[in-house]
Amino acid sequence: MSWQFDPVGIIHSCFAEKFAIPRQPLLAPAATASLELLPPYNQPEALEGLEGVSHLWLIFVFHAAASGPQHLRVRPPRLGGNQRIGVFASRATHRPNPIGQSVVRLEGIEQNRLLLSGVDLLDGTPVLDIKPYVPYADCIEDAVNPLAPIPPHALPVSWSDAALAQAQAHQTRLGQPLVALIEQCLSQDPKPAYQQPGPEREYGVTLWDVNVRWHYPQPDRIRVLEVSQPQ
Ligand code: SAM
C-alpha cells in the first residue's frame, strides 16, 4: 500500500537553515512563521471556526532531511549523539516516512495565510495538514517519557555591545523579535553535543536574512559577537 499526499500550504519561517532550529516547537516563542495556504485551501471557508483557537498541530514533510538507508535505531542529539534508541522512540527527522508534527501558536489569520509563533520549521517546509489543538485530548497530565523528561537545559546568552545594537537595528527593520529569537535559539546550544570548542572558535547561523555569530567564552556560556547582513 502506498499513498500520495499534496501539501495544503508552505511555511515561510525565520529559519533559513536547519542549524539552530530548536528541537521542538514552543522552545523559542519568538520563532515566527506564516503558513501560506495553497489552492483550494486558500479560501476563507477552509479556516472557518479557527477564530479563537490558540494552537494548531501541523503535520509536515521533513523535506530537507538527508535521504539514505533507513535505520531501526537512531542517535538523537538530545542524548549526546552517542546513545542509540529505536527510531520510534525518537523525533529524529530521518525516519521511515519523513513526516513531522509540531504544535504551534496561532497568532492570527490573514486572507490566505496563518500567522504562527513557536515554530521549529525550516523555511519552505511543506505542510500536509493542519488540525486544531484540543486541550482535553492533547494535554495529558500524567504522561511520562524517561528519555525526555524535562525541557533541554538552557545556556545563558550574553551580548557584545556592538552585536546587541546590530540586532536591535535589524529587529526594527524586520519588524520581528530578533533579539529574543537569537537568545531563545542559542540558549538551546545548537552546536553538536560532542564538540567542546575553545573560546577562539566561532559559530554562525542565518536567521531571517541576518548572520549571527557567537562563541563559547566558557563551555556552558554563549556570547553573541556579531549580527550582520551578508553583502
Ligand atoms: N516537532 C517535530 C516532530 O516532533 O516531529 C520536529 C522535531 S525535529 C527533532 C526538529 C528538527 O527538525 C529541527 O531542529 C530542524 O533542524 C529540523 N527540521 C525542521 N524543519 C525541517 C524540514 N523541513 N526538513 C528537515 N529538517 C527539518
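Order of appearance sets the numbers: ligands from 1, and atoms from 1 within every ligand.
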| field | Polar atom proximity, R23 to ligand 1 (N or O, under 3.5 Å) | value | no
The protein heavy atom nearest to atom 19 (C) of ligand 1 is D120 O, 3.2 Å
Per-atom filter on ligand 1: closer than 4.0 angstrom to a heavy atom of K18 are 16 (O), 25 (C), 26 (N)
Parallel under 30°, tilted from 30 to 60°, perpendicular over 60°: which one fits the rings of Y203 and Y216? perpendicular
Report task. Using distance alone, with no hydrogens and no angle criterion, decide if E200 and H215 have a side-chain donor and acceptor under 3.5 Å apart. Result -> no
For residues I59 and V127, determine if any side-chain heavy atom of one lies less than 4.5 Å from a side-chain heavy atom of the other. no
Under 4.0 Å from one or more heavy atoms of V61, ligand 1 contributes atoms 23 (N)
Taking only non-hydrogen atoms of P25 and a 4.0 Å limit, the atoms of ligand 1 in range are 1 (N)
In ligand 1, the atoms that come under 4.0 Å of a heavy atom of R91 are 3 (C), 4 (O), 7 (C), 8 (S), 9 (C)
Report task. For D138 and W57, test the side chains for any donor-to-acceptor distance below 3.5 angstrom and give the result as yes or no. Result -> yes
Any heavy atom of H63 under 4.0 Å from ligand 1? The part involved is both
closest protein heavy atom to atom 12 (O) of ligand 1 is T93 CG2, 3.3 Å
Here the atoms of ligand 1 under 4.0 Å from any heavy atom belonging to T125 are 20 (N), 22 (C), 23 (N)
Does an N or O from G100, backbone or side chain, lie closer than 3.5 Å to an N or O of ligand 1?
no
Check whether more than 12 heavy atoms from other residues, nucleotides or ligands sit under 6.0 Å from atom OH of Y41, and answer yes or no.
-> no
Closest to atom 3 (C) of ligand 1 among protein heavy atoms sits Q101 O, 3.0 Å
Is there a donor in the side chain of S117 and an acceptor in the side chain of R105, or the other way round, less than 3.5 Å apart? no
Check: of I59, V103, I21, L58, min heavy-atom distance to atom 15 (C) of ligand 1 comes from I21
Query raised in the report: Do S13 side-chain atoms and A33 backbone N/O form a donor-acceptor pair below 3.5 Å?
Result: no
Open item on the list: Please report whether ligand 1 has a polar contact with P22, defined as an N or O pair separated by less than 3.5 Å (distance criterion only).
Closed with: yes
Is the side chain of E17 donor-acceptor paired with the backbone N or O of V205 at a distance under 3.5 Å, no angle test?
no
Are any of the N or O atoms of L122 closer than 3.5 Å to those of ligand 1? yes
closest protein heavy atom to atom 27 (C) of ligand 1 is F62 CD2, 3.7 Å
- Query: Just checking, is any N or O donor in the side chain of W159 or E183 under 3.5 Å from an acceptor N or O on the other one?
  - Reply: yes
For A64, the atoms of ligand 1 under 4.0 Å from one of its heavy atoms are 24 (N), 25 (C)
Check: Looking only at side chains, do Q166 and S228 share a donor and an acceptor under 3.5 Å apart?
Finding: no
